[in-house]
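Beneath this line is the structure, given in structure tokens, with notes to follow.
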There are 2 protein chains.
Amino acid sequence: MKYSKATNYALHTILNLALSKSSKPIGVQTLAEKLNVSPTYLSKILTKLVKEGMVSSVSGANGGYSLTRGWESISFLDIIFAIEGKSSLFECGLDHGPQCQIQKVMLKSEEKMEEELRRQTLADLAKTSE
Amino acid sequence: MKYSKATNYALHTILNLALSKSSKPIGVQTLAEKLNVSPTYLSKILTKLVKEGMVSSVSGANGGYSLTRGWESISFLDIIFAIEGKSSLFECGLDHGPQCQIQKVMLKSEEKMEEELRRQTLADLAKTSE
DNA sequence: GATATTAGAGAGTCTTATAGTCTTTAATAG
DNA sequence: CTATTAAAGACTATAAGACTCTCTAATATC
Ligand code: SF4
Ligand code: SF4
């Protein structure tokens with residue numbers, strides 16, 4: 001069980017966008033170079049973030065990507081959910097009701113992690129990284 | 001990112017062993033039937049648990065698997081680590097030192113989850129499941 | 001000691017998910 | 001109209017997960 005590379009790329013790209021003071025959008029070409037990853041692949045990842053409303057994109061010459069207003073409150077969890085999906089890490093397929101301790105424990109522990117990821121926002125990240 | 005099915009099987013098998021009052025070891029055949037999984041596959045999983053010292057096995061007629069003494073203090077995390085490995089969920093490959101906020105956040109959140117999984121022992125599980 | 005029974009080890013297969021490429025289409029600035 | 005850039009879709013490649021089959025080692029029972 002690992003986070004996908006795509007999640008890694010998404011986090012780094014968003015951090016790059018947050019740190020860029022430019023008011024102009026940044027092209028995927030530029031972003032991809034920093035991460036040493038192919039532009040078309042990164043483009044797919046960015047499109048997911050656009051669909052979740054964290055990033056805005058503009059086509060055409062001088063186009064590119066930028067964070068949407070309100071970006072400061074985007075959390076790590078938002079980004080991770082956008083890439084990995086929102087479903088639970090533990091899925092047994094069955095449902096043996098409320099007396100099932102296994103599921104209870106697994107879900108609670110997962111919730112602890114998510115709580116922490118939800119607490120960490122881009123604002124915090126940008127502040128301590130600049 | 002999901003837990004593997006093997007982890008699911010391991011948790012359920014260990015729970016089965018914990019709930020079985022029998023002093024005799026239980027064969028993989030029997031255990032596999034309850035989970036509806038192939039015995040040889042489950043056997044591989046059990047072998048991992050044996051190597052981690054949580055389960056003891058005895059070959060030969062009337063052989064099988066049983067929990068080792070001290071099983072009450074085995075935690076969910078122990079079982080999960082035995083199957084999934086102990087390495088971090090987030091690995092970026094590089095190491096940009098202590099100023100890297102991304103890794104810091106990811107590791108801390110992971111630690112929160114593990115903390116909770118460490119707290120939940122088989123003793124708790126067996127008590128509430130019997 | 002022979003035989004039946006059961007775990008362990010290893011190689012090999014099947015399937016699925018991740019990671020990535022290539023090509024085409026849509027939007028937009030100049 | 002043309003250059004530039006994002007979006008979409010189909011496709012391929014690689015890797016990991018989820019098994020299966022077969023053979024070997026241990027052990028209880030007779
Ligand atoms: S016991 Fe719990 S974890 Fe196991 S199959 Fe039933 S609901 Fe799922
Ligand atoms: S910035 Fe942090 S997470 Fe990113 S590559 Fe460097 S060490 Fe890894």
Side-chain angles (χ1 to χ4, degrees), chain A residues 1-10 12-13 17 22-33 35-68 80 82-85 87 89-93, chain B residues 1-10 12-13 17 22-33 35-68 80 82-85 87 89-93:
Chain A
M1 183 169 68
K2 295 269 163 186
Y3 285 105
S4 67
K5 288 194 173 189
T7 293
N8 188 329
Y9 297 150
H12 282 84
T13 303
L17 289 173
S22 154
S23 61
K24 295 277 172 200
I26 305 181
V28 73
Q29 190 75 39
T30 312
L31 294 166
E33 271 164 21
L35 299 185
N36 208 34
V37 63
S38 113
T40 57
Y41 185 47
L42 186 60
S43 151
K44 283 192 185 311
I45 293 166
L46 278 161
T47 300
K48 285 190 182 181
L49 299 174
V50 168
K51 289 198 171 138
E52 294 294 326
M54 302 174 208
V55 171
S56 73
S57 71
V58 35
S59 287
N62 299 320
Y65 297 93
S66 54
L67 295 178
T68 51
I80 292 170
I83 306 298
E84 304 274 345
S87 67
L89 301 183
F90 182 79
E91 282 174 347
C92 64
Chain B
M1 185 171 66
K2 294 269 164 186
Y3 285 105
S4 67
K5 287 194 173 188
T7 293
N8 188 329
Y9 297 150
H12 283 83
T13 303
L17 288 174
S22 157
S23 60
K24 295 275 172 204
I26 306 181
V28 74
Q29 190 76 38
T30 312
L31 293 166
E33 271 167 19
L35 299 184
N36 210 33
V37 64
S38 113
T40 57
Y41 185 46
L42 186 60
S43 152
K44 285 193 183 311
I45 294 166
L46 278 161
T47 299
K48 286 190 182 182
L49 299 174
V50 168
K51 289 196 170 141
E52 294 294 326
M54 301 174 209
V55 171
S56 73
S57 70
V58 35
S59 286
N62 298 320
Y65 297 92
S66 54
L67 296 179
T68 51
I80 290 170
I83 306 298
E84 304 274 347
S87 68
L89 301 183
F90 182 78
E91 283 175 346
C92 62

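Computed from a predicted model, the values in this text were never measured in an experiment. Just so it is clear: chains get the letters A, B, ... in the order the sequence lines come, proteins before strands, and each one is counted from 1.
- Both Glu84(B) and Ala61(B) sit near DNA chain D, but only Glu84(B) has its closest nucleotide nearer the 5' end.
- Rounded to the nearest 0.5 angstrom, Cys92(B) SG and Tyr9(A) OH are separated by 11.5 Å.
- OP1 and OP2 of dT18(C) both lie 4.0 Å or more from every side-chain N or O belonging to Tyr41(A).
- OP1 or OP2 of dA16(D) has not a single side-chain nitrogen or oxygen of Tyr3(B) nearer than 4.0 Å.
- Within 4.0 Å of Lys51(B), counting heavy atoms only, lie sugar-phosphate atoms of the nucleic acid but no base atom.
- Atoms OG1 and CG, from Thr30(A) and Leu42(A) in turn, are 10.5 Å apart once rounded to the nearest 0.5 Å.
- Residue Tyr9(B) is in sugar-phosphate contact alone, with no base atom involved, counting any heavy-atom pair closer than 4.0 Å across all strands shown.
- You'll find that the side chain of Ser59(A) is closest to dT5(D), out of dA9(C), dT5(D), dT21(C).
- Distances were taken from every side-chain heavy atom of Ser4(B) (C-beta onward) to each of dT27(D), dG17(D), dA19(C); the shortest belongs to dG17(D).
- Remark: P of dA3(D) and CD of Gln29(A) are 18 Å apart, rounded to the nearest angstrom.
- If you check dA7(C), dT23(C), dA9(C) against the side chain of Thr40(A), the one that comes closest is dT23(C).
- Atom OG of Ser56(A) is separated from atom CG of Leu49(A) by 11.5 Å, given to the nearest 0.5 angstrom.
- For the pair Lys5(A) and Gly60(B), both in contact range of DNA chain C, the more 5′-proximal nearest nucleotide belongs to Gly60(B).
- With DNA chain D read from its 5' end, the first of the two nearest nucleotides for Gly63(B) and Thr7(B) is the one closest to Thr7(B).
- The CG atom of Leu35(A) sits 14 Å away from the P atom of dA19(C) (whole-angstrom rounding).
- Checked against dT21(C), dT20(D), dA6(D), the side chain of Ser38(B) finds its nearest nucleotide in dT20(D).
- The side chain of Ser57(B) has dG8(C) as its nearest neighbour among dT21(C), dT20(D), dG8(C).
- Atoms CD1 (Ile45(A)) and P (dT18(C)) sit 12 Å apart, rounded to a whole Å.
- Checking the phosphate oxygens (OP1, OP2) of dG30(C), a side-chain nitrogen or oxygen of Asn62(A) falls inside 4.0 Å.
- The residue Val58(B) sits close only to the backbone: its heavy atoms come under 4.0 Å of sugar-phosphate atoms, none of a base.
- Look at CG on Leu46(B): it is 13 Å from C1' on dT6(C), rounded to the nearest Å.
- Checked by distance alone, Lys44(A) brings a side-chain donor or acceptor within 3.5 Å of a matching partner on the base of dG9(D).
- A donor atom on one side chain and an acceptor atom on the other are not found under 3.5 Å apart for Lys24(B) and Ser66(B).
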